[in-house]
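Below is one structure; the comments refer to it alone.
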Amino acid sequence: MRWSNWYGNQTCSPAEVLLPRTEDEVVAAVERAVRDGRVVRAAGSGHSNVALVPTDGQVIDLRAMSGLVDVDREARQVTVRAGTRIQDLGPLLWEHGLSLANQGDIDGQQIAGAIATGTHGTGQHLGSLSSAVLGARVVRADGSVASVDASTPEWLRAVRTSLGALGVLTELTLQVSDAYGLAAELEPCTFSELAGSWRERLARHRHFLCYWFPSPAAASAWFTFDPPLGDDTVLIKTMDQVPADAAAQETPRRVDRAYRVFADPCEPTFHELEFMVPVDQAIDALGEVRTMLRSRHPEHPLPLEVRFVAADDAHLSPFAARASCAISVSGVMGEDNAAVFADCERVFAQFDGRPHWGKWHPYDAADLSRLYPEWDGFRAVRAAFDPGGTFTNPYLERLLGPIGSGAAR
């Protein structure tokens with residue numbers, strides 16, 4: 001048996017790859033793995049490009065556990081099975097007059113995996129997908145099913161960004177919004193124009209993001225403009241709410257249902273790191289990365305993406321207790337990106353940057369514990385849910401440290 005992620009850069013040959021259809025089947029699988037002394041890792045759609053899943057034990061693929069369980073239209077709350085893909089969730093919610101409040105530009109992830117890693121979109125007052133979680137059901141290492149909600153606040157804060165280290169999520173209850181449409185527009189500008197206008201644009205638009213192009217190759221990698229965009233230029237993208245029944249159009253701006261406008265299909269041809277810095281330092285951090293890349297890596301072939309996310313209170317959320325600017329640097333998959341990624345990380349470290357859990361970074365528990373104010377809170381919940389390390393592979397051991405221990409601050 002073999003498991004591979006979406007990018008193809010993380011693979012393993014576990015003893016078992018299981019596709020349960022019910023929570024009872026997940027419980028039975030976990031109990032059998034514990035009896036056999038095997039590690040259990042839950043796998044979503046494999047959109048993380050780091051080694052969160054690989055194990056020689058048991059991989060539980062949740063794709064067969066998909067769809068809505070319950071809808072409270074009045075409260076705008078839904079319960080969804082953990083393996084539901086975001087691209088499938090959008091139409092399901094729309095049938096009930098509902099939408100996700102926000103999402104990213106890739107929608108192939110299973111909802112549980114996206115939440116476990118703090119996946120996000122962009123918007124000054126909008127949190128990550130994890131911040132929408134109101135409750136969950138989690139199969140723990142002893143085979144019990146924990147019902148997590150507002151009555152267990154510390155559990156809830158841990159489950160909202162858990163890296164799969166607490167157990168296997170089977171259901172999630174989410175706060176959603178009324179269905180809405182979006183109108184998306186693209187506008188090229190110079191870096192100096194961005195530096196002078198980003199705060200105003202961020203405040204004015206529901207969703208604001210931008211791409212910076214370090215080289216001519218980067219300027220043509222993902223976008224086609226006439227005349228062509230040049231190097232050291234910026235492409236701003238804004239998305240603003242329109243009525244759910246607004247007529248769809250493609251030009252001069254794209255208008256459609258929100259879940260269709262968010263989605264920006266791409267192929268797994270890139271490797272990536274992303275760091276979250278305090279929002280007040282956004283342009284300073286981007287400026288430092290820009291200066292470094294133009295000096296040390298002037299031919300960098302892919303654009304940088306810059307997004308904005310509201311603060312939340314999840315223990316391991318990259319946005320914990322601070323509104324953030326997320327800056328993503330991509331490299332071509334299969335090429336040697338080590339030098340450029342290491343140089344970028346050194347810049348982000350100057351701004352107390354927190355890494356995206358599903359993307360490349362060099363940090364271990366000692367580094368990470370200093371970046372997360374509620375690190376010990378997560379450690380306590382992890383020790384309660386999985387005291388024997390059933391859900392911990394070598395990569396998680398490096399990230400989180402041994403169960404019941406914490407890195408010195």
Side-chain angles (χ1 to χ4, degrees), residues 86-87 90-91 93-94 99-107 119-129 177-214 216 218-267 270 274 279 282-283 286-287 290 302-310 323-330:
I86 295 170
Q87 65 191 43
L93 293 178
W94 196 269
S99 290
L100 290 173
N102 198 13
Q103 65 184 76
D105 51 10
I106 295 177
D107 62 359
T119 296
H120 63 91
T122 189
Q124 182 178 27
H125 302 296
L126 299 167
S128 69
L129 286 169
S177 72
D178 290 324
Y180 61 98
L182 286 175
E185 297 187 74
L186 297 173
E187 177 191 348
C189 73
T190 66
F191 187 86
S192 61
E193 288 170 338
L194 173 70
S197 67
W198 72 273
R199 290 182 184 275
E200 181 272 332
R201 293 175 189 269
L202 182 61
R204 178 156 48 97
H205 297 284
R206 177 185 169 101
H207 308 276
F208 164 71
L209 63 95
C210 62
Y211 303 90
W212 174 70
F213 306 112
S220 61
W222 294 344
F223 303 96
T224 301
F225 269 79
D226 187 17
L229 298 172
D231 62 305
D232 196 30
T233 59
V234 175
L235 181 63
I236 289 172
K237 181 176 183 179
T238 57
M239 294 177 281
D240 288 300
Q241 188 168 336
V242 297
D245 60 356
Q249 67 181 64
E250 290 296 326
T251 58
R253 59 179 185 162
R254 185 182 179 199
V255 179
D256 210 331
R257 298 177 181 183
Y259 67 86
R260 292 174 177 165
V261 176
F262 282 127
D264 190 10
C266 65
E267 297 298 321
F270 59 96
E274 183 175 45
V279 69
I283 203 66
L286 181 59
R290 171 179 176 257
L302 294 177
L304 278 63
E305 184 177 22
V306 182
R307 293 178 286 175
F308 299 86
V309 187
S324 300
C325 171
I327 303 175
S328 173
V329 184
S330 296

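Nothing fancy with the numbering, it's 1 onward along the sequence.
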Is there side-chain contact between M239 and E185, with at least one heavy-atom pair below 4.5 Å?
no

What closest approach, in Å, do P303 and A221 show between heavy atoms, and which atom pair accounts for it?
CD-CB, 4.2 Å

Any non-hydrogen side-chain atom of V309 less than 4.5 Å from a side-chain atom of L126?
no

Measure the shortest side-chain to side-chain distance between F213 and D231 over non-hydrogen atoms and say whether it is less than 4.5 angstrom.
no

The reported gap from NE2 in H125 to CG in L202 (rounded to nearest 0.5 angstrom) is 7.5 Å

How about F308 and H207: are their ring centroids closer than 6.0 Å?
no

Heavy atoms, side chains only, cut-off 4.5 Å: are L194 and I283 in contact?
yes

Could you check whether D264 and W222, counting side-chain N and O atoms only, form a donor-acceptor pair closer than 3.5 Å?
no

Taken to the nearest 0.5 Å, the spacing of Q241 CD from D178 CG works out to 9.0 Å

Are any non-hydrogen side-chain atoms of T233 and C189 less than 4.5 angstrom apart?
no

Cation-pi check for Y180 against R206: NZ or CZ below 6.0 Å from the six-membered ring centre and within 45 degrees of the axis, yes or no?
yes

How about H120 and E274: does a side-chain donor come under 3.5 Å of a side-chain acceptor?
yes

